[in-house]
Chemist: 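I have a structure here, written as structure tokens, and I will follow up with some questions on it.
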Amino acid sequence: MTTMTNASVREFKMPDVGEGLTEAEILKWYVQPGDTVTDGQVVCEVETAKAAVELPIPYDGVVRALHFPEGTTVDVGTSIIAVEVAGGAAPAAGAPAAETEPASAPQEPQEPKAEGSGRQPVLVGYGVATSATRRRPRKAAPEASAGQAAVSVQAELNGRTPAPEPVAEPAAARQRPLAKPPVRKLAKDLGIDLATVIPTGPDGIITREDVHAAVSATQAPEPEVQTPAPAPAAPAAAPAPVSYDTARETRIPVKGVRKATAAAMVGSAFTAPHVTEFVTVDVTRTMKLVEELKEDKEFSGLRVNPLLLIAKALLVAIRRNPEINASWDEAAQEIVVKHYVNLGIAAATPRGLIVPNIKDAHAKTLPQLAESLGELVSTAREGKTSPSAMQGGTVTITNVGVFGVDTGTPILNPGESAILAVGAIKPQPWVHKGKVKPRQVTTLALSFDHRLVDGELGSKVLADVAAILEQPKRLITWA
């Protein structure tokens, strides 16, 4: 450990990495007590109700203590790591405020307040959090680590910094393994430490196959030990058969995105009175247009699919019926009509269902909308969707057709007034120009908040979307 003179200890607090979030779970620590850190270095990864985020430390120094183990949910504004800073330097601009104490003062771990103990401070601009920190059981720490921690604390009380205990640890263990967020999520779910995985990807990146290989290695059977046959003995009762039946159920902690989604859906279902209407439509002409646009040079390098034209059809329908793009202000008892459309697209990701949105989708041309949709989907699949990308949505599309589902009754995204579900597009017998012919058909379902959207308005919007998909030239005539 580096000895520092004129040092002070600064407490780095859990920041609000979203918009008004009150807590986050510590997924992974990338540093340990005694490590030297620099301004901007990532020290841990946390998961909020919206996204997984890496936290950089805002100053240089030596880590003195980690106040919470991995897997702990911590309130915003609670100190999570103590760093000894040389010369008492102020934290970097924009960093959360931190308390400064002499290096000789004992540093007590910042424990969360007990239930009912009062209000806890959070970052400026977000008020205070009234809920107590909820903590999961601590992981058992090795005896050696506990002993080293005791020595470190005692040395601090005596006003000196101890020399580090020699540890037989490879240098690579100090470095963060290279892996994409979905691979990290897979490793976490399977209980695999990425530091023990041998990477085979380019530039030393760990792949999903590497994680599965590590799982197979840990589950390899023990070599069978040959023992001498016992001497003949009196016949004994046959042993009971050994059962290899493992756990009959699996318990999955409800946290992060899944926890937030569950709370939001329950709140939406029991707050906004939902109404769902359905329409089945012949989209044969739309499917032909999709194939034509794929050959158009304006869409070179862009992904063109039915969802693109469905999204554009909904935007046109909203322009013709702007009152559908609104929200309900309970406190003011007002309907707030939005003059912009932040179009949400429900996406299934390794972390759960998320709904990022395309900002100002109403102002985009069809090629621009195609580009935005492609970026939204690829970012979501990589697990890199930012919290800001999931805020401020006004209306949402959920495409259940990709799973072969005909239709559904979608629940509103909280704060929005409508959500359009798109079913599977498949050939069906259809009466076309007086004859029964095979046509490409789908079913649309529109759920809306009946407090601000009556049956007439909801029906007009759904009918407009269906009419455009049946005759896509209306994208021009109704524009």
Chemist: To the closest 0.5 Å, what do you measure between OG1 (Thr365) and CD (Glu371)?
Modeler: 9.0 Å
Chemist: Which heavy atom in Thr385 sits nearest to a heavy atom in Ala380, and how many Å separate them?
Modeler: OG1-CA, 3.2 Å
Chemist: Going by heavy atoms in the side chains, are Thr394 and Ile318 under 4.5 Å from each other?
Modeler: no
Chemist: Tell me if a side-chain donor or acceptor on His274 pairs with a main-chain N or O of Ala272 at a distance below 3.5 Å.
Modeler: yes
Chemist: Ignoring hydrogens, what is the shortest heavy-atom contact between Gly408 and Ala421? Give both atom names and the distance.
Modeler: O-CB, 4.5 Å
Chemist: Does Asn342 reach the side chain of Asp360, with side-chain heavy atoms less than 4.5 Å apart?
Modeler: yes
Chemist: Atom CD1 of Ile397 and atom CG of Leu420: how far apart are they, to the nearest 0.5 Å?
Modeler: 5.5 Å
Chemist: Between Val395 and Ile419, is any pair of side-chain heavy atoms under 4.5 Å apart?
Modeler: no
Chemist: Which atom pair, heavy atoms only, marks the closest approach of Lys359 to Ser388?
Modeler: NZ-O, 3.2 Å
Chemist: Looking at CD1 of Ile57 and CG of Asp35, how far apart are the two atoms once the value is rounded to the nearest 0.5 Å?
Modeler: 12.0 Å
Chemist: Does the pair Leu315 and Lys364 meet the rule for a side-chain contact (heavy atoms from CB on, under 4.5 Å), with working shown?
Modeler: CA-CA 10 Å; Leu315 292 172; Lys364 295 183 181 292; over 6 Å; no
Chemist: Between Arg251 and Glu249 (salt bridge meaning N to carboxylate O under 4.0 Å), is one present in this structure?
Modeler: yes
Chemist: Does the pair Lys28/Glu45 count as a salt bridge with the N-to-O cut at 4.0 Å?
Modeler: no
Chemist: Considering non-hydrogen atoms only, spot the tightest contact between Trp29 and Val43 and give its length.
Modeler: CE3-O, 3.5 Å
Chemist: With side-chain contact (heavy atoms from CB on, under 4.5 Å) as the criterion, how do Lys312 and Leu366 come out once you've worked through the C-alpha distance, each side chain's angles and the decisive distance to 0.1 Å?
Modeler: CA-CA 7 Å; Lys312 191 63 176 179; Leu366 197 59; 3.9 Å; yes
Chemist: With a 4.5 Å heavy-atom cut-off, do Val461 and Phe448 have their side chains touching?
Modeler: no
Chemist: Nearest heavy-atom pair of Gly415 and Ser327: which atoms, and what distance?
Modeler: O-CB, 3.3 Å
Chemist: Taking Asp329 for its side chain and Ala332 for its backbone only, find out whether a donor-acceptor pair lies under 3.5 Å.
Modeler: yes
Chemist: With distance as the sole test, does Glu382 use its side chain to make a donor-acceptor pair with the main-chain N or O of Thr379 at under 3.5 Å?
Modeler: no
Chemist: What do the steps show when you test Phe12 against Val63 for side-chain contact (heavy atoms from CB on, under 4.5 Å), and what is the final call?
Modeler: CA-CA 11 Å; Phe12 178 63; Val63 177; over 6 Å; no
Chemist: Please find the pair of heavy atoms, one from Asp449 and one from Pro273, that lie closest to each other, and give the distance.
Modeler: OD1-CD, 3.4 Å
Chemist: What's the separation between atom NE2 in His67 and atom CD1 in Ile80, rounded to the nearest 0.5 Å?
Modeler: 9.0 Å
Chemist: Quick one: are Asn325 and His362 in side-chain contact, heavy atoms under 4.5 Å?
Modeler: no
Chemist: Determine whether Thr200 and Glu209 satisfy the following criterion, side-chain hydrogen bond (donor to acceptor under 3.5 Å, both in side chains), listing intermediate values before the conclusion.
Modeler: CA-CA 9 Å; Thr200 62; Glu209 290 72 20; over 6 Å; no
Chemist: To the nearest 0.5 Å, what is the distance between CG (Leu55) and CD1 (Ile81)?
Modeler: 10.0 Å
Chemist: Is there a side-chain contact between Leu444 and Val465 (heavy atoms, below 4.5 Å)?
Modeler: yes
Chemist: As an exercise, state the distance from NZ of Lys13 to CG of Asp75, rounded to the nearest 0.5 Å.
Modeler: 12.5 Å
Chemist: Contact between Ser417 and Trp328 at the side-chain level, heavy atoms closer than 4.5 Å - yes or no?
Modeler: no
Chemist: Could you go through the side-chain contact (heavy atoms from CB on, under 4.5 Å) check for Asn357 and Leu343 one step at a time?
Modeler: CA-CA 5 Å; Asn357 60 78; Leu343 182 61; 5.7 Å; no
Chemist: Are any non-hydrogen side-chain atoms of Ile26 and Met14 less than 4.5 angstrom apart?
Modeler: yes
Chemist: Determine yes or no for a side-chain-to-main-chain donor-acceptor pair under 3.5 angstrom, with Ser447 supplying the side chain and Pro410 the backbone.
Modeler: yes
Chemist: Would you find a donor on one side and an acceptor on the other, under 3.5 Å apart, between the side chain of Ser378 and the backbone of Glu375?
Modeler: yes
Chemist: Taking everything shown except Arg303 itself, do over 12 heavy atoms lie less than 6.0 Å from its CZ?
Modeler: no
